[in-house]
Amino acid sequence: MSWDPVYKVVKQIPRGRVTTYGALAKALRLRGGARTAGRAMAATPSGKGIPWHRVVGDGGRLLIPEPYGSLQRKMLQSEGVELVEFRVDLKCYLWSPVGSKKKGAKAKQKARRPRNTSKRG
DNA sequence: CATCTGACGACCG
DNA sequence: GCGGTCGCCAGAT
């Protein structure tokens, strides 16, 4: 799987801003959801100038493990992003993917499968 | 091919 | 607000 489209969006993240895995997954229509978005980041190639440190989890939580996690904090702080313990103030720094990455910007609505609620209920 | 794993998110209690 | 669990799917063994 080529995460090029994912890296494209990540590179679109302006300085001093952050985004979430879910946002990428939604913007790129990733099937696996945030999980797939995370997979892409885990495979983030170095040397491409990809600001992976601007990608955080839900609520701005920093999920990236060490030593990258520590690095991420440093990077964000260096960009002016205020960090609270292991979180980022999304209401101030959250950046959303514009949506101009895939060629088919039509965003076709696929058939939604009903969630099986009888499981963990 | 089968099995385990993982930079996540949503839901229930 | 927190913990346990499922769902998703690609990569590695």
For atom [atom1] of [X] and atom [atom2] of [N], their distance in whole Å:
X       : N     : atom1 : atom2 : value
A/Arg35 : B/dT5 : CZ    : C1'   : 8 Å
A/Tyr21 : B/dG9 : OH    : C1'   : 12 Å
A/Arg61 : C/dG3 : CZ    : P     : 11 Å
A/Lys26 : C/dC8 : NZ    : C1'   : 16 Å
A/Tyr68 : B/dG6 : OH    : P     : 15 Å
A/Trp3  : B/dC8 : CH2   : P     : 13 Å

Mark yes when over 12 heavy atoms from residues, nucleotides or ligands other than A/Gln77 sit less than 6.0 Å from its CD; otherwise mark no.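 Counting neighbours around CD of A/Gln77, more than 12 heavy atoms of other residues, nucleotides or ligands fall under 6.0 Å, so yes.
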So does A/Glu85 have more than 12 non-hydrogen atoms from other groups sitting under 6.0 Å from CD?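 At most 12 heavy atoms, drawn from other residues, nucleotides or ligands, come within 6.0 Å of this atom.
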State whether A/Arg31 places a side-chain N or O below 4.0 Å from either non-bridging phosphate oxygen (OP1 or OP2) of C/dA10.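 Answer is yes, contact under 4.0 Å.
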Contact class for A/Gly33 (heavy atom, under 4.0 Å): base, sugar-phosphate, or nothing?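 No contact.
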With a 4.0 Å cut-off on heavy atoms, is A/Leu63 in touch with a base, just the backbone sugar-phosphate, or nothing at all?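 The residue A/Leu63 makes sugar-phosphate contact but no base contact.
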To the nearest 0.5 angstrom, please state how far the CG atom of A/Leu62 sits from the CG atom of A/Leu76.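 Spacing of CG (A/Leu62) from CG (A/Leu76) equals 6.5 Å.
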Decide yes or no, distance alone: a donor-acceptor N/O pair under 3.5 angstrom between the base of B/dG6 and the side-chain of A/Arg39.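 Donor-acceptor pair under 3.5 Å: yes.
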Minimum-distance nucleotide (side-chain atoms of A/Met41 versus B/dA7, B/dG9, C/dC8): B/dA7
Compare the minimum distances between each of B/dA7, B/dG9, C/dC9 and the side chain of A/Thr36, then state the nucleotide with the smallest one.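 So the nucleotide nearest the side chain must be C/dC9.
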Option from A/Val55, A/Asp58, A/Leu94 for which side-chain contact (heavy atoms from CB on, under 4.5 Å) with A/Thr20 holds: A/Leu94
